[in-house]
Amino acid sequence: MENIRHLMNVMDLSVDELDALLALARRIYDDPGRYKNACEGKKLATCFYEPSTRTRLSFEAAMLNLGGKVLGFSSADSSSAAKGESVADTIRVISSYADICAMRHPKEGAPYVASIHSKIPVINAGDGGHNHPTQTLTDLMTIKKLKGRLNNLTIGMCGDLKFGRTVHSLVEAMVRYPDVKFIFISPPELKIPDYLRKDILEKNNVTFSEESVLEEAMPRLDILYMTRVQRERFFNEEDYIRLKDTFILDHKKMKLAPKDMLVLHPLPRVNEISTEVDSDPRAVYFKQAEFGVYVRMALILKLLDLEY
């Protein structure tokens, strides 16, 4: 099992590997027909222990686009987890059925446990509030393709910065590129966690500020990364209701932004971006979701060692 490559965290990839993966995703985007039989005879297992729309379907679309097949389950209730089967036992069995596995689980570290017991590559498709590496790859592809670079950027992150795993993963990935600055915009209760501030930002001498007024940050941004305030990450409903409408991006706020600023969002959106923003050419979150398929196609090829 030692030569099997898994992806638990975007930091599992070196900067060179990351750049090569994004370049492959771009080649697939430019010429998808070339890759339509790349995974013929291969099977992807999607093991999703909590609900997902984009991540699960984009993994499935990615494998189908590569000429492979898909099997799996979309909730713990529809698997033997409902009977108490462990993740370790589940992956031991699935290793005999499929060539690669994408796993989402509400418990931090569950995909890592699976990778230890797996005979096939395991991709972390989101584990609790911990990591979501393929969303980060999607974010990086979106920025690289539409901005032309991953360096020399001022990135605003707005909303739930405490529990948002997409925020944490993207910050970790972006600090490896030069001249990247962050503006973190959130209510005090949802500020970035201490480990991110100390171990990632301060340790790497990254310039950042923590602010609470979106309008004041807008003129300084190259990228605005919006996130929803996630009901499922709160311990009580009162806090969620009090904070969920704190930051809403609308047409009026967009007028304050540079003409070439991009708005990203990992989706699903609740009400933190008004639908009136959708028609703004700077709103690229649906294009971002589309890019997710191509970056997952590239990742599947890489982990199966089928790179063209």
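Hydrogens, waters and symmetry mates are skipped; everything else that's a heavy atom, side chains included, is used. As the structure is a computational prediction, the values presented were derived from the model and not from experiment.
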- Item | Step-by-step salt bridge (Lys or Arg N to Asp or Glu O under 4.0 Å) determination, K252 to E276 | CA-CA 10 Å; K252 188 177 175 184; E276 69 188 22; over 6 Å; no

A side-chain contact here means heavy atoms from C-beta on lying under 4.5 Å apart; do [X] and [Y] qualify?
{"X": "L18", "Y": "L137", "answer": "yes"}
{"X": "L24", "Y": "Y294", "answer": "no"}
{"X": "I183", "Y": "F208", "answer": "no"}
{"X": "D19", "Y": "Y177", "answer": "yes"}
{"X": "V284", "Y": "V263", "answer": "no"}
{"X": "D222", "Y": "L262", "answer": "no"}
{"X": "R176", "Y": "M11", "answer": "yes"}
{"X": "L13", "Y": "K302", "answer": "yes"}

- Evaluate side chain to side chain contact (heavy atoms under 4.5 Å, CB included) for L140 paired with M174, printing each intermediate quantity in order. CA-CA 8 Å; L140 294 173; M174 290 297 299; 3.3 Å; yes

- Determine, stepwise, if the pair L224 / M261 fulfils side chain to side chain contact (heavy atoms under 4.5 Å, CB included). CA-CA 7 Å; L224 174 60; M261 185 195 78; 4.0 Å; yes

So does [X] pair up with [Y], basic N to acidic O under 4.0 Å?
{"X": "R27", "Y": "D30", "result": "no"}
{"X": "D194", "Y": "R197", "result": "yes"}
{"X": "E40", "Y": "K69", "result": "no"}

Looking at [X] and [Y], would you say the former's side chain and the latter's main chain have a donor-acceptor pair under 3.5 Å?
{"X": "K181", "Y": "I155", "result": "no"}
{"X": "T227", "Y": "D160", "result": "yes"}
{"X": "E272", "Y": "V270", "result": "yes"}
{"X": "S95", "Y": "K119", "result": "yes"}
{"X": "E17", "Y": "S14", "result": "yes"}
{"X": "H105", "Y": "N124", "result": "no"}
{"X": "R54", "Y": "L57", "result": "no"}
{"X": "H6", "Y": "V122", "result": "yes"}
{"X": "N151", "Y": "D179", "result": "no"}
{"X": "R149", "Y": "K145", "result": "no"}

Taking atom [atom1] of [X] and atom [atom2] of [Y], what is their separation to the nearest 0.5 Å?
{"X": "L264", "Y": "I223", "atom1": "CG", "atom2": "CD1", "value": "6.0 Å"}
{"X": "M103", "Y": "S118", "atom1": "CE", "atom2": "OG", "value": "8.0 Å"}
{"X": "E215", "Y": "L249", "atom1": "CD", "atom2": "CG", "value": "9.5 Å"}
{"X": "Y195", "Y": "K203", "atom1": "OH", "atom2": "NZ", "value": "13.0 Å"}
{"X": "L170", "Y": "R165", "atom1": "CG", "atom2": "CZ", "value": "14.5 Å"}
{"X": "F182", "Y": "I200", "atom1": "CZ", "atom2": "CD1", "value": "10.5 Å"}

Side-chain H-bond candidate by donor/acceptor type, [X] with [Y], under 3.5 Å:
{"X": "T46", "Y": "R56", "value": "no"}
{"X": "Y285", "Y": "D278", "value": "yes"}
{"X": "D12", "Y": "N9", "value": "no"}
{"X": "R296", "Y": "S58", "value": "yes"}

- When you measure from the centre of the six-membered ring of F48, is the NZ or CZ of R104 under 6.0 Å away and within 45° of the axis? no

- Could you go through the side chain to side chain contact (heavy atoms under 4.5 Å, CB included) check for T207 and T154 one step at a time? CA-CA 9 Å; T207 301; T154 299; over 6 Å; no

- Item | D89 and R92: CA distance, side-chain angles, deciding distance, salt bridge (Lys or Arg N to Asp or Glu O under 4.0 Å) verdict | CA-CA 5 Å; D89 282 1; R92 282 188 180 105; 2.9 Å; yes

If every non-hydrogen atom of [X] is compared with every non-hydrogen atom of [Y], which pair is closest and at what distance?
{"X": "H265", "Y": "R228", "answer": "NE2-N, 3.9 Å"}
{"X": "A98", "Y": "A45", "answer": "CB-CB, 3.8 Å"}
{"X": "A173", "Y": "T136", "answer": "CB-CG2, 3.8 Å"}
{"X": "N204", "Y": "D199", "answer": "ND2-O, 4.2 Å"}
{"X": "L161", "Y": "I185", "answer": "CD1-N, 3.7 Å"}
{"X": "F73", "Y": "C47", "answer": "CZ-CB, 3.6 Å"}

Should [X] and [Y] be counted in the same cluster of Ile, Leu, Val, Met, Phe, Trp and Tyr side chains packed under 4.5 Å apart?
{"X": "Y97", "Y": "I91", "result": "no"}
{"X": "F286", "Y": "M254", "result": "yes"}
{"X": "I123", "Y": "V113", "result": "no"}
{"X": "V15", "Y": "L21", "result": "yes"}

- Task: Just do the side chain to side chain contact (heavy atoms under 4.5 Å, CB included) check on L190 and F163 with the steps written out, would you?
- Result: CA-CA 7 Å; L190 295 176; F163 297 105; 4.0 Å; yes

- Task: Might you work through the salt bridge (Lys or Arg N to Asp or Glu O under 4.0 Å) test for R282 and D260, ending with a clear yes or no?
- Result: CA-CA 7 Å; R282 295 170 291 181; D260 61 348; over 6 Å; no

- Going by the side-chain hydrogen bond (donor to acceptor under 3.5 Å, both in side chains) test, name the single residue among T138, D139, N131 that passes it with Q135. D139

- Task: Kindly determine whether Y29 and F291 satisfy ring-ring contact (aromatic ring centres under 6.0 Å, His included), including the steps that lead there.
- Result: CA-CA 8 Å; Y29 176 84; F291 290 151; 5.5 Å; yes

